[in-house]
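Before any comments, here is the structure.
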Amino acid sequence: MIAFWDVLHAIFAMLLLGAVTHQGLSVWRKPAPARAFIDRFRAVNGPGYANAVVVLYLVTFALGCYIYPPYVLDVKSSLFAAGLSGQVGLFQIKEHVAVVALALLPVYWHYWRTVPLTEDTGIRRFVTTVIMVAVWWNLVVGHILNNTKGLV
Amino acid sequence: MSTVLLITHGLVAVALIGAITHQVLALWRTAPATPNTFFGRLRNVRAGSYADAVAILYAIDFLLGAIIYASYRLEVRPYLENADLYIAAGSFETKEHLAALGLGLLPAYWLFWKAPALTNHSTERKYVTLLLAFYIWWNFLVGHVLNNIHGLP
Amino acid sequence: MSFSPRVFSLVFGLVYTVAHLLEMPLWRYYPLVGKFSLTDLVDLSNGPSMNWYGWMSYAAIAGVIAAVVVPKRIDNKIPAAVFYVLPFVILVCGIYTERSWFLAPPTG
Amino acid sequence: MADPQSTLSRSPSERLFSALTVFSLVFPVVYVVLYYNELALFRFYPLVGELHLNIQPTTFGPAMIYYGWIIVSTFAAAVAAAVVPSRWTAHLWAGWSWLVPAFATLFTFIYETRWLLH
C-alpha cells in the first residue's frame with residue numbers, strides 16, 4: 001500500500017514540476033513573440049500558476065510527510081547498514097530543501113497575487129526560481145533514493 | 001551510470017507526459033476551457049504544436065529505456081522471479097511491448113498531425129493520440145512501481 | 001487582524017533553522033512503535049525518533065502567531081532583500097548539520 | 001469509360017497516406033507475431049555484452065531478443081510501406097491505423113496474464 005502513496009507522491013511531484021517549471025522559466029523570459037516549442041513553454045501567464053503551484057506543493061509535501069516514516073524505518077536504515085550514508089545525507093538535505101520552499105510559499109504567493117506585477121519583480125523572480133530549483137532537486141534526489149531502495 | 005540514465009529516462013518521461021497530456025486534453029475538449037483555472041489552462045493549448053515535441057521526446061525516451069533495459073534484465077527481472085513477484089514482472093513485459101507498439105504508432109501519430117494532406121483525418125488523429133497517451137501513462141506508472149520495488153544498480 | 005505572508009515566511013524559516021540547529025523538536029515521532037512524545041524516549045526499543053515534524057511544528061506555530069501579531073507598519077519595514085537571504089540561511093544550516101553523512105558515517 | 005483513379009497518377013498525399021496506413025498496420029502485427037512466438041533475429045547477452053545469432057550456453061547469462069523484435073518489425077513495416085501500391089490501400093479505412101495497434105495492445109494484456117498463472 002505504501003508503494004501506492006509513493007507513486008502518488010511522484011505523480012503530484014511531476015505535476016508540480018510542470019507547473020513550477022513553466023512559471024519559473026517564464027519569469028526569466030524577455031517579452032517577445034513565441035515561435036519555438038521551448039519559447040511557447042516559457043511564454044506562459046505567470047500569475048495564473050501561483051495558486052496551482054501552492055496547492056500542488058502542499059499536496060506533494062503532505063504525501064511526502066506521510067511516506068516519510070516508512071522511509072526512516074525501511075530505507076534509511078538499510079542504506080545506512082549498507083554504508084551508503086552519502087545517499088542518506090542527500091535525503092536529509094532533501095528534507096531541508098523541502099522546508100526552504102515551504103517557508104517561501106506564503107511570500108511567493110504574496111508577490112504573485114497581492115503585489116502588482118510591475119513591482120518587486122526581482123524578489124518575485126528569485127523566490128519563484130528558488131522554489132523551482134528546490135522542486136527539481138527534491139524530485140531528482142527522491143528518484144535516486146527510490147532507485148537505490150524503494151518503499152515496499 | 002545506469003542510475004544517471006534511469007533518472008534521465010524518468011525526467012524525459014516527465015516532459016513527454018506533460019506534452020502528450022496537454023495535447024490529449026486539448027484534443028478531446030468538448031466544452032470551451034474555463035479560463036484562469038489550472039485545468040482550463042492545461043487544456044487551453046494549441047494541440048498541434050506538441051506533435052514534434054512528443055515524437056522527439058518519445059524517441060529519446062525509448063532509446064534511453066532500451067539502453068537501461070539490459071540492466072533491468074540482469075538485475076531486476078531475476079530478483080522479481082526469485083521473489084515470486086510475477087505480476088510485477090508481467091507488468092514490465094507489457095511496458096516493453098507497449099513501448100514498441102508506441103514506436104510503431106509514432107509515424108502515424110506524427111503524420112496525422114503534421115502532413116497537410118491528412119488534416120481532414122481528425123477522428124483518426126484523436127484516437128492515435130489517445131492510444132499513444134495511454135502507452136505513455138501506462139509505461140510511466142509501471143516504470144515507477146517497478147523502480148520502487150527494485151532499482152537499477 | 002490581518003495575516004502577513006511575509007512575516008510568516010520569515011519567522012517560519014528562522015524558527016525552523018534554530019529548532020533544527022539546537023535539535024529541539026516540539027515533539028518527536030517514533031515510527032517503529034507509532035508513538036508521539038514531547039520528550040526524548042531514551043529507551044532504544046522505541047526505534048529511531050523523527051524530529052522533522054517537531055521542528056516544523058515550532059516554526060508553524062511561531063510563524064502564524066507572528067504573522068497575526070506583528071503590526072502592518074513593521075511588516076512594511078521588512079526589506080524584500082531578507083527573502084534573498086532566508087533560503088540560504090535555512091539551506092546552509094541544514095547542510096551544516098548533515099555534513100557528517102558525507103564526511104564520516106555517523107554512528108546512529 | 002476508364003476508371004479515372006487508375007489512369008491518373010496518385011497524388012503525393014495519397015501515396016503518403018497509403019504508406020502511413022500500411023506501416024501502422026504491419027508494425028504491430030509483425031511485432032506481436034515475433035514476440036508471441038519468441039522469434040529472434042539475434043540475441044543480446046547483457047551479462048557478457050555480446051550479440052549472437054544462435055542460442056548460447058547459460059553461462060552467457062539471460063538472452064534479450066527485444067531489440068531484434070523492434071528492428072525486424074520496423075524493417076518489415078518500412079518495406080511494406082514502400083512496396084505496397086497505394087491503389088491497394090486507396091479504399092482502406094484510415095481508422096485501421098489506430099485500431100490495429102489497439103487490438104495488438106489488447107492482445108498484449110491478454111497474453112501477459114500468463115504471468116498471473118505462474
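Residue numbers start from 1 in every chain, and the chains themselves are labelled A, B, ... in the order their sequence lines are given, proteins ahead of strands.
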Task: chain B contact via Ile70(D) - side chain, backbone, both or neither, heavy atoms under 4.5 Å - done: side chain
TODO: Identify which of Ile87(B), Asp84(B), Leu98(B) forms the greatest number of heavy-atom pairs closer than 4.5 Å to chain D.
DONE: Leu98(B)
Open item on the list: Heavy atom to heavy atom, less than 4.5 Å: which residues from residues 132-152 of chain B reach chain D?
Closed with: Phe134(B), Tyr135(B), Trp138(B)
- [ ] Please say whether more than 12 non-hydrogen atoms of neighbouring residues, nucleotides or ligands are located less than 6.0 Å from CZ in Phe109(D).
- [x] yes
- [ ] Could you look at Ser73(D) and say if it's the side chain, the backbone, both or neither that has a heavy atom under 4.5 Å from chain B?
- [x] neither
Open item on the list: Under 4.5 Å from any heavy atom of chain B, what part of Tyr111(D) do you find: side chain, backbone, both or neither?
Closed with: neither
- [ ] Report the distance from atom CG of Leu99(D) to atom CD of Glu124(B), rounding to the nearest 0.5 Å.
- [x] 10.5 Å
Task: Under 4.5 Å from a heavy atom of chain D, the part of His97(B) involved - done: both
TODO: Measure distances from Phe62(B) to the heavy atoms of chain D and classify the residue's part below 4.5 Å as side chain, backbone, both or neither.
DONE: side chain
Task: Nearest-0.5 Å distance, CH2 of residue Trp98(D) to CG of residue Leu130(B) - done: 9.0 Å
Open item on the list: Counting heavy-atom pairs under 4.5 Å with chain D, which one of Gly102(B), Ala89(B), Pro107(B), Gly90(B) comes out on top?
Closed with: Gly90(B)
TODO: Work out which heavy atom in Phe23(D) is nearest to a heavy atom in Gly104(B); give both atom names and the distance.
DONE: CE2-O, 3.4 Å
Task: Engaged part of Ala77(D) at the chain B interface, taking heavy atoms whose separation is under 4.5 Å - done: neither
Task: Under 4.5 Å from a heavy atom of chain B, the part of Tyr45(D) involved - done: neither
- [ ] Determine whether more than 12 heavy atoms belonging to other residues, nucleotides or ligands lie under 6.0 Å from atom OH of Tyr36(D).
- [x] no
TODO: List the atom of Leu131(B), the atom of Ala102(D), and the distance in Å for their closest heavy-atom pair.
DONE: CD2-N, 3.8 Å
TODO: Measure Trp69(D) against the heavy atoms of chain B and call it side chain, backbone, both or neither at under 4.5 Å.
DONE: side chain
Task: Heavy-atom closest contact (Leu105(B) atom, Ser97(D) atom, distance) - done: CD1-O, 3.5 Å
Open item on the list: Using every non-hydrogen atom in the two residues, find where Arg73(B) and Ala63(D) come nearest and quote the distance to one decimal.
Closed with: NE-O, 4.2 Å
TODO: Report the distance from atom CE of Met64(D) to atom CZ of Arg77(B), rounding to the nearest 0.5 Å.
DONE: 10.0 Å
- [ ] Provide the closest heavy-atom pair for Leu101(B) versus Pro101(D) in the form atom of the first, atom of the second, distance.
- [x] CD1-O, 4.4 Å
Task: Trp115(D) CH2 to Leu85(B) CG distance, which is reported to the nearest 0.5 Å - done: 11.0 Å
- [ ] Kindly check if the number of other-residue, nucleotide or ligand heavy atoms within 6.0 Å of CG (Leu47(D)) is above 12?
- [x] yes
- [ ] Looking only at non-hydrogen atoms, find the nearest pair between Tyr67(D) and Ala70(B) and report the distance.
- [x] OH-N, 3.9 Å
Open item on the list: Please check this pair: side chain of Tyr66(D) against backbone of Glu96(B), looking for a donor-acceptor N/O pair closer than 3.5 Å.
Closed with: yes
